Colleague: 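Quick one: structure below, then a few questions.
Chain letters run A, B, ... following the sequence lines, proteins first and then strands; every chain starts at 1. Please read all numbers here as calculations on a predicted model, not as lab measurements.
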Protein chains: 2
Amino acid sequence: MTITNSNSIGKWISVLYRYSQIYIDKELKSYNIGPGQFPFLILLLKSNGITTQDWLSKCLNIDKATTTRALTKLERSGYITRKVNPIDKRARIVTVTDKAVKLKPILHQISETWTTKLTAGFSDWEKELIATMLEKLAGNAEHIIREELSIDEK
Amino acid sequence: MTITNSNSIGKWISVLYRYSQIYIDKELKSYNIGPGQFPFLILLLKSNGITTQDWLSKCLNIDKATTTRALTKLERSGYITRKVNPIDKRARIVTVTDKAVKLKPILHQISETWTTKLTAGFSDWEKELIATMLEKLAGNAEHIIREELSIDEK
DNA sequence: AAAAGATAATTGCATTTGCAACCATTTTAT
DNA sequence: ATAAAATGGTTGCAAATGCAATTATCTTTT
């Protein structure tokens, strides 16, 4: 018998996910950036030009079809450009524009404000701890799903 | 300057959310229960007949329109019934069926297996800790969104 | 060098979701 | 007692999302 508090981890993850979507949506609506684009833009601002769409998908665990569409929207809104990689014509080189770079501080501020308010009452040490723990959970989750997939492939 | 690890909490939450959706979808597809119904069914199995749809929505932070649809699907699949509350005709009394009760052990097992694998490498103490911390985060998130709403209402 | 397999990205399709607007009923205020 | 406000739930609509299939290109095998 192991009915413990920890079984609600999944519930809180999903609740938190929905809150964060609502928050991002409110904060970024005026920039024509939705919760579906936000993580891509943040990631691209960190790793400009040095990544494939597929890598973005894997890094964020977002379906590659969704990635295509998110980047299409970001491109239409003028935050990124995509050109075919001449070395590998299947791939695209995704580059952030000046418009995106100018927005970078605001994006980070929104992200930081959210984190700060979210972790109100936590010590700095606890903040680091929970981030580290979540990262570990995500690693485990990836492992679980990958294993399930490989079982299916039998 | 506060660029720390903790700023990625949001990222990991969203990554974990998507993994969990994939997992639940795979595990429960054969029962005709999707990730959108799962949390409701779990919650209803705990608090049968003693809740409104609105309470479910608030508890899980899920839009009430989505709640209506999730319950409609659960009803069609035979896991719950809804009747108008004679005391308050606006409200519905949601009751789980025998079919749902029979499924309860399986649902809990799926939930437990996910949690166990997700927290692989964590001590029991750490498992409790992360659940507690996530609950706190969710409480803070609710607070943030509620405050933002009340500002908009000015 | 050609065929088979893998990889990067896109498109089609169906499903899910949230916001707004709405209806019905109950509660509160006057 | 009636009007106004609040509450529980549903529906319309548009946007987002994931899976599967497809295209194009590159890599590996033979």
Side-chain angles (χ1 to χ4, degrees), chain A residues 14-15 17-26 28-29 32-40 50-77 80 82-94 145 148-149 152-153, chain B residues 14-15 17-26 28-29 32-40 50-77 80 82-94 145 148-149 152-153:
Chain A
S14 73
V15 168
Y17 173 78
R18 284 182 288 273
Y19 277 124
S20 69
Q21 297 300 100
I22 292 167
Y23 185 79
I24 297 168
D25 192 45
K26 270 191 211 300
L28 289 174
K29 187 163 274 178
N32 201 29
I33 297 168
Q37 289 85 54
F38 182 69
F40 289 107
I50 58 164
T51 171
T52 62
Q53 295 187 192
D54 206 56
W55 181 83
L56 290 169
S57 288
K58 277 166 185 153
C59 184
L60 297 171
N61 185 34
I62 290 174
D63 187 83
K64 57 201 181 123
T66 306
T67 299
T68 294
R69 292 176 192 120
L71 296 185
T72 302
K73 197 177 165 196
L74 284 172
E75 196 172 31
R76 289 222 184 96
S77 306
I80 63 161
R82 278 187 293 184
K83 15 178 224 266
V84 172
N85 184 340
I87 290 159
D88 181 344
K89 283 170 194 149
R90 295 167 305 179
R92 313 272 173 267
I93 294 174
V94 184
I145 300 297
E148 290 224 337
L149 273 181
D152 290 351
E153 275 162 10
Chain B
S14 74
V15 167
Y17 173 78
R18 282 183 288 274
Y19 277 123
S20 70
Q21 297 299 100
I22 291 168
Y23 185 80
I24 295 168
D25 193 45
K26 269 191 213 300
L28 288 174
K29 187 162 273 179
N32 201 28
I33 297 168
Q37 289 85 55
F38 182 70
F40 289 107
I50 58 166
T51 171
T52 63
Q53 296 188 189
D54 207 56
W55 181 83
L56 289 169
S57 289
K58 276 167 185 153
C59 183
L60 297 171
N61 185 34
I62 289 175
D63 188 83
K64 55 193 185 137
T66 306
T67 299
T68 294
R69 292 177 191 119
L71 295 185
T72 302
K73 198 176 164 197
L74 284 172
E75 196 172 31
R76 288 222 184 98
S77 306
I80 64 160
R82 278 185 293 182
K83 11 177 227 270
V84 171
N85 184 339
I87 292 158
D88 181 344
K89 282 170 197 150
R90 297 167 304 177
R92 313 273 172 267
I93 294 174
V94 184
I145 300 297
E148 290 225 337
L149 273 181
D152 291 351
E153 273 162 15

Colleague: Counting only side-chain N and O atoms of A:Arg82, is one of them less than 4.0 Å from OP1 or OP2 of C:dT10?
Modeller: yes

Colleague: Using whole Å, report how far CZ of A:Phe38 lies from C1' of D:dA16.
Modeller: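 One finds 17 Å between C1' of D:dA16 and CZ of A:Phe38, rounded.
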
Colleague: Let's test your reading of the model: under 3.5 Å, does the base of C:dG18 pair with the side chain of B:Arg69 as donor and acceptor?
Modeller: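 Such a pair is found, so the answer is yes.
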
Colleague: Is there a donor on the side chain of A:Lys64 or the base of C:dA9 sitting less than 3.5 Å from an acceptor on the other?
Modeller: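 Donor-acceptor pair under 3.5 Å: yes.
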
Colleague: Within the 4.0 Å heavy-atom criterion, would you say A:Ala91 contacts the bases, only the backbone, or no part of the nucleic acid?
Modeller: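 Since only primed, P, OP1 and OP2 atoms lie under 4.0 Å of A:Ala91, the category is sugar-phosphate.
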
Colleague: Separation of A:Asp25 atom CG from C:dC19 atom P, in whole Å?
Modeller: 7 Å

Colleague: OP1 or OP2 of C:dT10 less than 4.0 angstrom from a side-chain nitrogen or oxygen of A:Gln53, does that happen here?
Modeller: yes

Colleague: Kindly point out which of D:dA20, D:dA6, D:dT25 is positioned nearest to the side chain of A:Arg90?
Modeller: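 Output: D:dT25.
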
Colleague: Start at the 5' end of DNA chain D and walk down; is the nucleotide closest to B:Arg92 or to A:Ala65 reached first?
Modeller: B:Arg92

Colleague: Nearest-Å distance, NZ (A:Lys83) to P (C:dA9)?
Modeller: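 Distance, rounded to whole Å: 14 Å.
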
Colleague: With distance as the sole criterion, is a donor-acceptor pair present between the side chains of B:Thr72 and B:Arg76 under 3.5 Å?
Modeller: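 No, B:Arg76 and B:Thr72 have no side-chain donor paired with an acceptor closer than 3.5 Å.
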
Colleague: Once rounded to the nearest 0.5 Å, what's the spacing between atom CG of B:Leu71 and atom CG of B:Leu56?
Modeller: 6.0 Å

Colleague: Between C:dA9, C:dG18, D:dG9, spot the one nearest the side chain of A:Asp54, thanks.
Modeller: C:dA9

Colleague: What is the distance from CD1 of B:Ile80 to C1' of D:dG9, rounded to the nearest Å?
Modeller: 13 Å

Colleague: Where the side chain of A:Tyr17 is concerned, which of D:dT17, C:dT17, D:dT10 is the nearest nucleotide?
Modeller: D:dT17

Colleague: Would you mind reading off the distance between B:Lys89 atom NZ and C:dA24 atom P, rounded to a whole angstrom?
Modeller: 14 Å

Colleague: Students often get this wrong, so: under 4.0 angstrom with heavy atoms, is B:Lys73 touching a base, only sugar-phosphate, or nothing?
Modeller: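 Sugar-phosphate contact only.
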
Colleague: Do A:Arg92 and A:Thr52 make a side-chain contact, defined as non-hydrogen atoms from C-beta onward lying under 4.5 Å apart?
Modeller: no

Colleague: If you round to the nearest 0.5 Å, how far is CG of B:Leu28 from OH of B:Tyr23?
Modeller: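 Reported value, rounded in 0.5 Å steps: 9.0 Å.
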
Colleague: Taking A:Lys73's backbone N and O only, do any of them form a donor-acceptor pair with A:Gln37's side chain (distance below 3.5 Å, no angle check)?
Modeller: no

Colleague: Students often get this wrong, so: under 4.0 angstrom with heavy atoms, is B:Ile93 touching a base, only sugar-phosphate, or nothing?
Modeller: nothing

Colleague: Once you round it to whole Å, what is the distance between P of D:dA16 and CG of A:Asn32?
Modeller: 9 Å

Colleague: Taking CG from B:Asp63 and P from C:dC19, how many angstroms apart are they, rounded to a whole number?
Modeller: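 Atom-to-atom, B:Asp63 to C:dC19, this comes out as 6 Å.
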
Colleague: Distance-only, no hydrogens or angles: does the A:Arg18 side chain make a donor-acceptor pair with backbone N or O of B:Asp63 under 3.5 Å?
Modeller: no

Colleague: Quick check on DNA chain C: between A:Leu71 and B:Asn85, whose nearest nucleotide comes earlier from the 5' end?
Modeller: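 So the residue in question is A:Leu71.
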
Colleague: Out of C:dT25, D:dA24, D:dG9, which has the shortest distance to the side chain of B:Thr52?
Modeller: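 Among C:dT25, D:dA24, D:dG9, the one nearest the side chain of B:Thr52 is D:dG9.
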
Colleague: Figure out the CD1/P separation between A:Ile145 and D:dG18, and round it to whole Å.
Modeller: 13 Å

Colleague: Out of D:dA16, C:dA9, D:dG9, which nucleotide sits closest to the side chain of A:Thr68?
Modeller: C:dA9

